[in-house]
Amino acid sequence: DAGVIQSPRHEVTEMGQEVTLRCKPISGHNSLFWYRQTMMRGLELLIYFNNNVPIDDSGMPEDRFSAKMPNASFSTLKIQPSEPRDSAVYFCASSLAQGFNTEAFFGQGTRLTVV
Amino acid sequence: ILNVEQSPQSLHVQEGDSTNFTCSFPSSNFYALHWYRWETAKSPEALFVMTLNGDEKKKGRISATLNTKEGYSYLYIKGSQPEDSATYLCAQPRGNTGKLIFGQGTTLQVKP
């Protein structure tokens, strides 16, 4: 398996533009997580899905952020409109189950820069 | 302890030194404690998932212990090598879910 695949790897966009980040989880994994990495807050969970259903989106910063998982092999994280403070590395991760003892497998991340 | 906390924030050691660092976490409603290794320009990779008080896990020169009653875990690296240079993250699931709350990490630099 190729692991969790994210695209794009780097994204530079202007403030106010819409940004869409994409993720393909490991085949057979039932849970998918979106994380954001910043210097100030470290690695924080934005939202996670189990069997394509959003379970907890309490980490989504505001209404400008939305995430979807239309099927088991694809998820998107959208920011509209984007702001400079959204600049960060966004990671997608998947796990075999949503249990507490299941390790997460991370993608390579998307480095987003909003200017 | 309300959050997952790690110390020290960074560590510089010489090749061959043994080292250890700490993860502190809320001891109430404990389910598991995860350790991840994050090399520069790569993505975090799981090292250990620990669930039992007193548990000790080992992978090569890296080992970890767990004390759920007092809410801490230690990660040990024996005979550090330059390739051990990375950020080591611990994380605790919130409840009986895969929702991981990460510490800020300990960044280890091993000098040859």
Side-chain angles (χ1 to χ4, degrees), chain A residues 1-7 9-10 21 23-26 29-51 53-60 67 88-111, chain B residues 2-10 23-53 55 57 59 62 64 66 68 73 86-107:
Chain A
D1 201 311
V4 177
I5 299 173
Q6 290 186 246
S7 64
R9 291 291 305 276
H10 302 273
L21 311 182
C23 175
K24 182 181 188 311
I26 294 173
H29 281 195
N30 294 330
S31 293
L32 182 140
F33 308 84
W34 282 101
Y35 287 90
R36 180 171 66 175
Q37 166 73 14
T38 61
M39 287 293 291
M40 290 297 293
R41 301 174 67 91
L43 197 58
E44 54 178 343
L45 181 67
L46 301 177
I47 184 171
Y48 84 92
F49 295 83
N50 191 57
N51 291 325
V53 176
I55 302 300
D56 187 335
D57 65 355
S58 59
M60 295 286 261
V89 181
Y90 291 81
F91 286 98
C92 175
S94 69
S95 66
L96 198 54
Q98 69 165 340
F100 57 87
N101 60 349
T102 307
E103 65 181 80
F105 292 80
F106 284 78
Q108 295 282 61
T110 294
R111 182 175 295 277
Chain B
L2 297 177
N3 297 311
V4 179
E5 299 174 359
Q6 293 187 245
S7 63
Q9 187 174 351
S10 63
C23 173
S24 302
F25 52 85
S27 56
S28 60
N29 200 29
F30 177 85
Y31 283 88
L33 194 283
H34 294 226
W35 279 101
Y36 285 79
R37 171 191 157 91
W38 190 358
E39 291 182 73
T40 303
K42 295 187 177 180
S43 51
E45 292 183 348
L47 282 171
F48 307 114
V49 179
M50 309 175 79
T51 56
L52 299 175
N53 184 43
D55 201 5
K57 298 230 175 185
K59 184 180 286 188
I62 304 176
L66 179 67
T68 62
S73 175
T87 295
Y88 292 84
L89 297 163
C90 68
Q92 187 182 33
R94 276 293 177 258
N96 184 16
T97 73
K99 179 178 179 179
L100 292 176
I101 307 302
F102 281 87
Q104 292 281 50
T106 293
T107 299

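Within every chain, numbering begins at 1; the chains are lettered A, B, ... in the order of the sequence lines, protein sequences first and strands thereafter. These figures come from a predicted structure and were not determined experimentally.
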> With A:Phe106, which residues qualify under ring pair (Phe, Tyr, Trp, His ring centres under 6.0 Å), at least two apart?
Replying inline: A:Tyr35, B:Tyr36

>> Distance check, rounded to the nearest 0.5 Å: B:Leu89 atom CG versus A:Leu43 atom CG?
In response: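 Going from the CG atom of B:Leu89 to the CG atom of A:Leu43 covers 6.5 Å.
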
> About how many Å separate CG of A:Asn101 and CG of B:Asn96, when rounded to the nearest 0.5 Å?
Replying inline: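 The distance works out to 8.5 Å.
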
Part of [X] within contact of chain B (heavy atom distance under 4.5 Å):
{"X": "A:Phe105", "answer": "neither"}
{"X": "A:Arg41", "answer": "backbone"}
{"X": "A:Ser31", "answer": "neither"}
{"X": "A:Glu44", "answer": "neither"}

>> Between B:Glu45 and chain A, with a heavy-atom cut-off of 4.5 Å, which part of the residue counts as in contact: side chain, backbone, both or neither?
In response: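 For B:Glu45, there is no contact with chain A at all, as no heavy atom is under 4.5 Å.
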
>> Less than 4.5 Å to any heavy atom of chain A: does that hold for the side chain of B:Thr97, its backbone, both, or neither?
In response: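 Contact with chain A is through both the backbone and side chain of B:Thr97.
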
Give me the atom names and distance for the closest heavy-atom approach of [X] to [Y].
{"X": "A:Glu103", "Y": "B:Ala46", "answer": "OE2-CB, 3.5 Å"}
{"X": "A:Gly107", "Y": "B:Ser43", "answer": "O-CB, 2.8 Å"}
{"X": "A:Thr102", "Y": "B:His34", "answer": "O-CE1, 3.4 Å"}

> Quick one: of A:Ala104, A:Ala93, A:Gly109, who has the most non-hydrogen atom pairs under 4.5 Å with chain B?
Replying inline: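 Among A:Ala104, A:Ala93, A:Gly109, the one with the most close pairs to chain B is A:Ala104.
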
> Between A:Phe100 and B:Tyr31, how do the two ring planes meet: parallel, tilted or perpendicular, split at 30° and 60°?
Replying inline: tilted

> With sequence neighbours left out, what residues match A:Asp56 under side chain to side chain contact (heavy atoms under 4.5 Å, CB included)?
Replying inline: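 Expected list: A:Tyr48, A:Ser58, B:Lys99.
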
